[in-house]
Amino acid sequence: MNQLSTEKRVRIVSALVEGSSVRAIARMVGVSKTTVLKLLAELGEACAVYQDKTLRDLRCKRIECDEIWAFVGMKRANIPDDRVGDPSIGDQWTWTALDADSKLIVSWRVGGRDAETAYDFIRDLAGRLTNRIQLTTDGYSVYVRAVEDAFGEDIDYAMLVKIYAADAPSDARYSPPVCTGARKQRIAGDPVAAHVSTSYVERQNLTMRMSMRRFTRLTNAFSKKVENLRHAVALHFMHYNFARVHQTLRVTPAMEAGVSDHVWSIEEIVGLLDSN
């Protein structure tokens, strides 16, 4: 079987992390779409394994959590009756936890926007931390029980509940609702009001949409398989955490958090395939 050269692997991965589509990459590099997806799957799995092992015993102080929407195969409204309830198609939510100081993505989960995924996500987050943190989430109610189950009383937790204006009929389909205000609500512990914010993690949502073609709205670049969505997210966060220099920090989030001592190259990320 022919094996891709390191140079072609680097070209493919460089294009993937900058938001190019699978078909465009296949044309630019001169390989098949299947080859691009196979590399994405193998490297995405390697990135997930590496980060799962490396992002442990973190001394974070402030964590912000949010969820970002995408879909697999088709939007929820177009799912046929015989596939309703199939978790492999339709709406998919990527739950993210970001360290407000280092900008490191500490934990993530791809799944439904439901209590089960929330529990898995928050338990994973709690298992990566070594000290008490201040946590801010949006007003989604499933967070409350999940945080209580994972952290108990050892947390300072607040919700930032945003207030939105009613959608205008002509804008309801494509335009987000207008935020008219926000209310800070203490849930547990003693959170500092000045640090109750989800601004950084919401900005990360934009980075995800700009850096992963399958998250771009109103295109045909959506994921066809949920596994490929998970692989793409793992690769994105590997590049974001370890290889992309943050404009404000002047280092990568992983360096700022103390889990890496240098800026990773794309070649190093590709090298995870051999190490695994």
Side-chain angles (χ1 to χ4, degrees), residues 10 13-19 40 43-68 70 93-110 121-122 124-138 155 160 192 195-215 229-272 275:
V10 168
V13 173
S14 297
L16 283 171
V17 298
E18 293 297 341
L40 172 64
L43 187 55
E45 180 65 24
C47 289
V49 170
Y50 180 83
Q51 291 178 97
D52 181 54
K53 293 189 297 185
T54 304
L55 302 180
R56 299 282 180 181
D57 300 325
L58 301 174
R59 294 187 173 276
C60 304
K61 296 179 180 178
R62 295 182 292 137
I63 297 290
E64 300 177 7
C65 293
D66 200 14
E67 321 89 50
I68 180 173
W93 294 82
T94 302
W95 302 62
T96 56
L98 179 140
D99 176 9
D101 296 307
S102 69
K103 310 304 184 290
L104 183 78
I105 293 294
V106 176
S107 177
W108 71 89
R109 276 291 185 277
V110 176
F121 168 61
I122 295 296
D124 181 75
L125 170 63
R128 299 181 184 279
L129 305 171
T130 61
N131 51 279
R132 187 183 183 102
I133 62 164
Q134 174 162 331
L135 175 66
T136 305
T137 70
D138 58 24
I155 192 169
L160 187 67
V192 178
H195 293 158
V196 177
S197 172
T198 56
S199 296
Y200 292 130
V201 72
E202 288 176 5
R203 177 58 181 82
Q204 167 60 210
N205 289 347
L206 175 61
T207 301
M208 292 175 67
R209 292 213 183 275
M210 296 295 288
S211 302
M212 285 182 282
R213 183 66 171 166
R214 63 191 67 232
F215 276 82
L229 176 61
R230 294 191 175 107
H231 296 320
V233 169
L235 174 60
H236 166 73
F237 286 139
M238 185 71 206
H239 180 259
Y240 169 82
N241 280 338
F242 290 86
R244 181 170 173 167
V245 174
H246 194 279
Q247 290 185 350
T248 302
L249 300 174
R250 305 294 183 183
V251 293
T252 65
M255 293 172 68
E256 185 71 10
V259 297
S260 178
D261 60 2
H262 67 286
V263 180
W264 280 50
S265 65
I266 298 296
E267 288 84 352
E268 285 181 280
I269 295 177
V270 169
L272 292 175
S275 64

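Values below: all heavy atoms of this structure, side chains included; hydrogens, waters and symmetry mates excluded. One-based numbering along the sequence shown. Values in this document were obtained by computation on a predicted structure and should not be read as measured data.
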Say whether Arg244 and Thr207, considering side chains only, have a donor N or O and an acceptor N or O under 3.5 Å apart. no
Polar side chain donor-acceptor pair, Asp66 to Thr198, under 3.5 angstrom: no
Is there a side-chain contact between [X] and [Y], using heavy atoms and a 4.5 Å cut-off?
X	Y	result
Met212	Leu229	no
His231	Glu45	yes
Ile63	Leu98	no

What closest approach, in Å, do [X] and [Y] show between heavy atoms, and which atom pair accounts for it?
X	Y	answer
Gly44	Ala234	O-CB, 3.4 Å
Leu135	Cys65	CD1-SG, 3.6 Å
Glu64	Val201	OE1-N, 3.1 Å
Arg62	Asp101	NH2-OD1, 2.8 Å
Thr130	Arg59	OG1-CG, 3.5 Å
Asn205	Glu67	ND2-O, 4.2 Å

Please report the interatomic distance [atom1]([X]) to [atom2]([Y]), rounded to the nearest 0.5 Å.
X	Y	atom1	atom2	result
Met255	His262	CE	NE2	8.5 Å
Ser107	Leu125	OG	CG	5.5 Å
Leu104	Gln51	CG	CD	8.5 Å
Tyr200	Thr96	OH	OG1	15.5 Å
Leu160	Asp138	CG	CG	8.5 Å
Cys47	Ile269	SG	CD1	6.0 Å

Check the pair Leu272 / Met238 against side-chain contact (heavy atoms from CB on, under 4.5 Å), numbers first and verdict last. CA-CA 11 Å; Leu272 292 175; Met238 185 71 206; 4.0 Å; yes
Between Met208 and His236, is the side-chain contact (heavy atoms from CB on, under 4.5 Å) condition met? List the steps. CA-CA 8 Å; Met208 292 175 67; His236 166 73; 3.7 Å; yes
Tell me whether [X] contacts the main-chain N or O of [Y] through its side chain, where contact means a donor paired with an acceptor under 3.5 Å.
X	Y	result
Arg209	Phe215	yes
Arg128	Asp52	yes
Glu202	Ser199	no
Arg132	Ile155	yes

Within 6.0 angstrom of Arg56 CZ, more than 12 heavy atoms from elsewhere: yes
Trp264/Tyr50 aromatic ring centres below 6.0 Å: yes
What verdict does the side-chain contact (heavy atoms from CB on, under 4.5 Å) test give for Asn241 and Leu55, after you've listed the backbone C-alpha separation in whole Å, the side-chain angles of each residue and the deciding distance to 0.1 Å? CA-CA 10 Å; Asn241 280 338; Leu55 302 180; 4.0 Å; yes
Using the rule given for side-chain contact (heavy atoms from CB on, under 4.5 Å), can you reason through Tyr240 versus Val17, listing the C-alpha separation, both sets of side-chain angles and the distance that settles it, and then say yes or no? CA-CA 9 Å; Tyr240 169 82; Val17 298; over 6 Å; no
